[in-house]
Amino acid sequence: MNLGLKDKSVVVLASSKGLGFATALAYAQEGAKVMLASRSESELARAAEDIFKKTGQKASYRVCDVTSRDQLAELFKAAASENGAVDVLINNTGGPKAGGFEDQSDEDWEQAFELNLLSFIRAIREVLPGMKEKGSGRIINIASSSIKEPVEGLILSNTFRTGVVGMAKSLSKEYSKDGILINTVGPGRIATERVDHLDRLRGEKTGKSSEEVKAQYEELIPAGR
Ligand SMILES: NC(=O)c1ccc[n+]([C@@H]2O[C@H](COP(=O)([O-])OP(=O)(O)OC[C@H]3O[C@@H](n4cnc5c(N)ncnc54)[C@H](OP(=O)(O)O)[C@@H]3O)[C@@H](O)[C@H]2O)c1
């Protein structure tokens, strides 16, 4: 099936690993011109090489900490000059610090706001003018299943992901007339480094091994994996 993505200019934030990388790979498989971004140049180079090996598509990449307004601005400038005005923005980032309400300081709340909400706002600001000019655009925010039901022990995620949904729904009403569609994805549990990290933390708190924690969660998934 042709999804009509060939040669589209796509920016995937936080894409050296995990869900961001898998998304970038899927776009490259469809022939899109992909720009990868994360904080580690070596991980980005490895990801771009992997995409090339699997698809024959050359992916561009830039080091960018999504909590930096200046680095985001530079990234989108580079994407437009290398791949053309952005057609698709995948807003993604690392997960916030784990823990409950009493585990978080003001600084933790501020950091999670910058990482998990403000970065999305800033990235959308960067692409909106070009998308409005073209009269089309797609913005997809990767959030979490916590937008439907809070996840125990992830108060920061539970708070800011729902903020993403509120923002995205508001913007989708405002900009659909410009041909810009804005959607938010709420992934459940998908085996990535983030999930390994959370399993380790839960294991330490409950006196279980990471494998036991993993098995417990898998039991809750109908497919069992
Ligand atoms: N996996 C799941 O089951 C699941 C479920 C629900 C929600 N989520 C959420 O989905 C998002 C992606 O999860 P994941 O499992 O793919 O995580 P992951 O495997 O830990 O990958 C995170 C990616 O984000 C990049 N990153 C982290 N902080 C960044 C920053 N400040 N600026 C730029 N890039 C940054 C990392 O690269 P560098 O270290 O090189 O920067 C890496 O490429 C997270 O917000 C996570 O909480 C995941």
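Ligands are counted one by one from 1 in listed order, and the atoms in each one are counted from 1 as well.
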Exercise for review: Could you find the nearest protein heavy atom to atom 1 (N) of ligand 1 and give me its residue, atom name and distance?
Suggested key: Ile190 O, 3.0 Å
Check your understanding: Taking side chain as C-beta onward, heavy atoms only, is Tyr217 less than 4.5 Å from Asp199?
Key -> yes
Point to revise | Residue and atom name of the nearest protein heavy atom (relative to atom 14 (P) of ligand 1), distance in Å to one decimal | key: Thr192 OG1, 3.6 Å
Check your understanding: How close does the nearest protein non-hydrogen atom get to atom 23 (C) of ligand 1, and which residue and atom is it?
Key -> Ala14 O, 3.7 Å
Exercise for review: From atom 5 (C) of ligand 1, work out which of Gly188, Gly20, Ser145, Gly95 has a heavy atom at the shortest distance.
Suggested key: Gly188
Review point. Of the listed options (Arg194, Glu114, His197), which comes nearest to atom 20 (O) of ligand 1 when hydrogens are ignored and any heavy atom counts?
Key: Arg194
**Study point:** Residue of the set Leu13, Val10, Leu44 for which side chain to side chain contact (heavy atoms under 4.5 Å, CB included) holds with Leu36
**Key:** Leu44
Revision key, fill the gap. Within 4.0 Å of some non-hydrogen atom of Ser40, the atoms of ligand 1 are 40 (O)
Revision key, fill the gap. Between Arg138 and Met131, the two heavy atoms sitting closest are O-CE, 3.7 Å
Exercise for review: Report, in ascending order of atom number, the atoms of ligand 1 lying under 4.0 Å from any heavy atom of Pro187.
Suggested key: 5 (C), 6 (C)
Point to revise | atom 43 (O) of ligand 1 - nearest protein heavy atom and its distance | key: Ser16 OG, 2.7 Å
Study note, to complete from the structure: Rounded to the nearest 0.5 angstrom, the CD1-CD distance for Ile147 and Glu149 is 12.0 Å
Exercise for review: List the closest protein heavy-atom neighbour of atom 32 (N) of ligand 1: residue, atom name, distance to the nearest 0.1 Å.
Suggested key: Val66 N, 2.9 Å
**Study point:** From the candidates Ala98, Ala143, Gly18, Ser146, the one that places a heavy atom nearest atom 8 (N) of ligand 1
**Key:** Ala143
Practice item. List the closest protein heavy-atom neighbour of atom 29 (C) of ligand 1: residue, atom name, distance to the nearest 0.1 Å. Key: Arg39 NE, 3.4 Å
Practice item. Give the minimum heavy-atom separation between Ala14 and Asn92, together with the two atoms involved. Key: O-ND2, 3.0 Å
Point to revise | Exercise: do Thr67 and Glu114 side chains pair donor with acceptor under 3.5 Å | key: no
Check your understanding: Among Ser119, Ala24, Gly94, whose heavy atom sits nearest atom 26 (N) of ligand 1?
Key -> Gly94
Exercise for review: Please report the closest heavy-atom contact between Val63 and Arg39, naming both atoms and the distance.
Suggested key: CG1-O, 3.5 Å
Point to revise | Electrostatic pair Glu126-Arg122, nearest N-O below 4.0 angstrom | key: no
Review point. From Ile180 CD1 over to Ile124 CD1, what is the distance, rounded to the nearest 0.5 angstrom?
Key: 10.0 Å
Review point. Ser68 and Asp70: side chain to side chain donor-acceptor pair (under 3.5 Å), yes or no, with the steps?
Key: CA-CA 5 Å; Ser68 158; Asp70 292 348; 5.4 Å; no
Check your understanding: For ligand 1, which part of Ser157 has a heavy atom less than 4.0 Å away: the side chain, the backbone, both, or neither?
Key -> neither
Exercise for review: Mind checking whether Arg161 contacts ligand 1 via backbone (N, CA, C, O), side chain (CB onward), both or neither, at a 4.0 Å heavy-atom cut-off?
Suggested key: side chain
Point to revise | Proximal atoms of ligand 1 relative to Cys64 (non-hydrogen, under 4.0 Å) | key: 32 (N), 33 (C)
Practice item. Examine the proximity of ligand 1 to Val195 and report which part, side chain or backbone, both or neither, has a heavy atom under 4.0 Å away. Key: side chain
Exercise for review: May I ask you to decide whether Arg62 forms a salt bridge with Glu82, counting only side-chain N to carboxylate O separations under 4.0 Å?
Suggested key: yes
Point to revise | Option nearest atom 31 (N) of ligand 1 (shortest heavy-atom distance, choices Asp65, Thr23, Asp196) | key: Asp65
**Study point:** Distance-only N or O hit between ligand 1 and Leu115, under 3.5 Å
**Key:** no
Practice item. Under 4.0 Å, heavy atoms only, figure out whether ligand 1 is touched by the backbone of Leu13, its side chain, both or neither. Key: neither
Review point. What are the atoms of ligand 1, with element, lying closer than 4.0 Å to any heavy atom of Ser38?
Key: 33 (C), 34 (N), 37 (O), 38 (P), 40 (O), 41 (O)
Study note, to complete from the structure: Within 4.0 Å of some non-hydrogen atom of Arg189, the atoms of ligand 1 are 3 (O)
Review point. How far apart are the closest heavy atoms of Leu156 and Pro96, and which atoms are they?
Key: CB-CB, 3.9 Å
Check your understanding: Leu75 and Met35: which non-hydrogen atoms are nearest, and at how many Å?
Key -> CD1-CG, 3.8 Å
Exercise for review: Counting heavy atoms only, name the option from Leu19, Ile142, Thr93 that's nearest to atom 11 (C) of ligand 1.
Suggested key: Thr93
